[in-house]
2 protein chains.
Amino acid sequence: MVTLAEVARHAGVSASTVSYVLSGKRTISSGTRQRVEQSIRELGYHPNAGARALASSRSNIIALMMPLRTDMYVPVMMEIAVAVATTAREHQHDVLLLTGQEGPEAVRRVVGSGLADAMILMDVELEDDRLPLVREARRPAALIGLPADPRGLACVDLDFAATGRLCVEHLAGHGHRDIAVVGEAPAVYERHTGFAERTLDGIREKSAELGVRVLHRPCEGSYESVAGTLARIFDERPGTTGLVVQNESAIEPLLSLLRQQGRAVPEDISVVAICPDQVAGQTSVALTSVAIPAQEMGRRAVEMVMTRAGLGGAPAMTGTEQVELLPPRLTVRASTGPAPAAAGPLPG
Amino acid sequence: MVTLAEVARHAGVSASTVSYVLSGKRTISSGTRQRVEQSIRELGYHPNAGARALASSRSNIIALMMPLRTDMYVPVMMEIAVAVATTAREHQHDVLLLTGQEGPEAVRRVVGSGLADAMILMDVELEDDRLPLVREARRPAALIGLPADPRGLACVDLDFAATGRLCVEHLAGHGHRDIAVVGEAPAVYERHTGFAERTLDGIREKSAELGVRVLHRPCEGSYESVAGTLARIFDERPGTTGLVVQNESAIEPLLSLLRQQGRAVPEDISVVAICPDQVAGQTSVALTSVAIPAQEMGRRAVEMVMTRAGLGGAPAMTGTEQVELLPPRLTVRASTGPAPAAAGPLPG
DNA sequence: GTGAAAGCGCTAACAG
DNA sequence: CTGTTAGCGCTTTCAC
């Protein structure tokens, strides 16, 4: 294994000079720099991570904690994870993957051992077990999701309330007066993740404002569940002409069922989905949708912890409250259109 | 920060004793052990990861390298990643998440810096860029997937050839004589990932053996693409009564299209899918399927690197070739049945 | 069964 | 602009 000392000897300089060439923490004459860089290349030197962490008490590692449950929409989580890893590399950091498996203890372990300099928590719940530990850890942390009490924490999330309002605005703008929400699975509401409720709040608020009637039904992702939910919706509100779908796995079954029932999209019924753009484009009818900005959430979370660690150029700010709600963007595709003139029972 | 030295003082022993209590590498009288453990708990001591890595030249970290492309089926990748992380913890290791972003260089960086003790590569291609570096790294590594030349490497994968044979056997057993394969996207074949070809090989072999006719068509996941593929299949082979689907994202559109065309599953046409069990159970018609054993692949990969690192109880064996193909399991659900008596054109 | 002490490879004062 | 040096906290001989 090539060490810094060997590089120093090879380049005819002292160890500290090599170290400073690497870190850029003091000015080096371009002559020495060249020779050192040359030696580094020739010897194939890589600084030892452990030694560096020990001496500098910074590991250059960010811990990313995934939720225990897997009922979250997986592609979004994956996209966040990849964005976190990519952005972290841009800041000379690596990412340690923690699953919820170990529970809140993982926070203590990773922080206590100095394994990670900072952490990012995904799928944060309103009352999250991990938050007390995160607060007392006194390490930069960023949450993806919005807890009930974000005091002293950094959080990024999609502005779900605005998302809800946007969906209603779009449908109302097309003359829909009676809409239904195909919501998340009941378990999601019970777990109090917050985002589902916030979406509903936004939907209800804007509906009230615009005089639109709303019916909300939670819905699992299975075909049967969607069938049942749809049946109950049309049973209770036969005049429904607009649907907002928040459960991504319900989308395909939903479209399939509507087609089977002879309800044309968007002629008879308009559908707005809250889902990744990639999904919205692949369905049988391209979906008007509000995207979940997974990449941006991951990127911002990393930038937040870097800033809070004092590595962003600005001074450190661990402990400051910082809530960032990303504005929703609605993309109009083929699944929404004007409300049918007479919103009566099934056509034909 | 609590250090080992402080624990030692608190317990009235020497630093090395504390270290040995922690590692179990020498026998400690139960008296001292108790006192040390007590002190550790009281002081909330966590060994410093950097110091430990430096002194022992083992980081207790496994690098997991994900593919750059995102056209792999995401839920499977995620499941593998979670299984890797979970199993790693059972072996006192953490997982570092690397994306393909950096390319093969990432291997060099992580290994050179001693950041990771071992690595696991996902989505390995037949001629994978990373393999030369992995070979010269002389660190334990495990591949998920099977390269053209596995010499000196450890690999786990589903036995896709056997999977193909199994699908054909099942359909042939139900009297199907004319089957079609809805394959992966053309890009997957072009990239030479191997698994798609191996599945086909198995399908063709068993078909030849059993006198079944096979038509293969690559297929993207989009609705249009599936529609086109299906049209071409039934155009060319109207008598097709069995379908093997390998592209998971094609499944929902496929079922939806068959229904629209008035082809009942399984009465008119049988469908076997190669996909996670969870997907197979959620579709409108529960799918007879061969599962991708994602969890087991992740788990085995970790166990392989642990063994090769000499941490599995047995002696180390880096450099030994070790190819492990997991046997496929076919689960019969509702999407397959006897071939219709007269396999003619569309019913009705 | 336990201690003492020599590093592991790097960083960051301190000294010029 | 560069060199010297004292640790960082732990593991692991060696010694008893």
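Here is the naming used below: chain letters follow the sequence lines, and residue numbers restart at 1 for every chain.
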Whole-Å gap separating [atom2] ([N]) and [atom1] ([X]):
X         : N       : atom1 : atom2 : result
Leu4(A)   : dT2(D)  : CG    : P     : 15 Å
Arg58(B)  : dC10(D) : CZ    : P     : 16 Å
Leu54(A)  : dG9(D)  : CG    : C1'   : 5 Å
Gln34(A)  : dC1(D)  : CD    : P     : 14 Å
Leu115(A) : dC10(D) : CG    : P     : 13 Å
Arg35(A)  : dG3(D)  : CZ    : C1'   : 13 Å
Ile28(A)  : dG3(D)  : CD1   : P     : 9 Å

With the side chain of [X] defined as its heavy atoms from C-beta on, choose the nearest nucleotide among [options].
X        : options                  : result
Ser29(A) : dT2(C), dC1(D), dT11(D)  : dC1(D)
Asn48(B) : dT11(D), dG9(D), dC1(D)  : dG9(D)
Thr3(A)  : dC10(C), dT2(C), dC10(D) : dC10(C)

According to a strict under-4.0 Å criterion, is [X] in side-chain N/O contact with OP1 or OP2 of [N]?
X        : N       : result
Lys25(A) : dT11(C) : no
Arg52(B) : dG9(D)  : no
Thr27(A) : dC1(D)  : yes

Please round to the nearest 0.5 Å and tell me the distance separating atom [atom1] of [X] and atom [atom2] of [Y].
X         : Y        : atom1 : atom2 : value
Ile144(A) : Met66(A) : CD1   : CE    : 9.0 Å
Ile62(A)  : Leu97(B) : CD1   : CG    : 11.5 Å
Asn48(B)  : Leu4(B)  : CG    : CG    : 10.5 Å

Within the 4.0 Å heavy-atom criterion, would you say Leu22(B) contacts the bases, only the backbone, or no part of the nucleic acid?
nothing
Under 3.5 Å, which protein N or O atoms sit close to an N or O of nucleotides 3-5 of chain C? Give each pair with its distance.
from   : atom 1 : to       : atom 2 : distance (Å)
dG3(C) : OP2    : Ser14(B) : N      : 2.9
dG3(C) : OP2    : Ser14(B) : OG     : 3.2
dG3(C) : OP2    : Thr17(B) : OG1    : 2.6
dG3(C) : N7     : Ser16(B) : OG     : 3.4
dG3(C) : N7     : Arg26(B) : NH2    : 2.9
dG3(C) : O6     : Arg26(B) : NH1    : 2.8
dG3(C) : O6     : Arg26(B) : NH2    : 3.1
dA4(C) : N6     : Ser16(B) : OG     : 3.3

Using modelled atom types and a 3.5 Å cut-off, is there a donor and acceptor pairing between side-chain atoms of Asp117(A) and backbone atoms of Ser59(A)?
yes
May I ask you to decide whether Arg299(A) forms a salt bridge with Glu303(A), counting only side-chain N to carboxylate O separations under 4.0 Å?
yes
Below 4.0 angstrom, N of the basic side chain to O of the carboxylate: do Arg9(A) and Glu6(A) qualify?
no
Would a 4.5 Å heavy-atom cut-off, applied to side chains only, mark Val124(A) and Asp157(A) as touching?
no
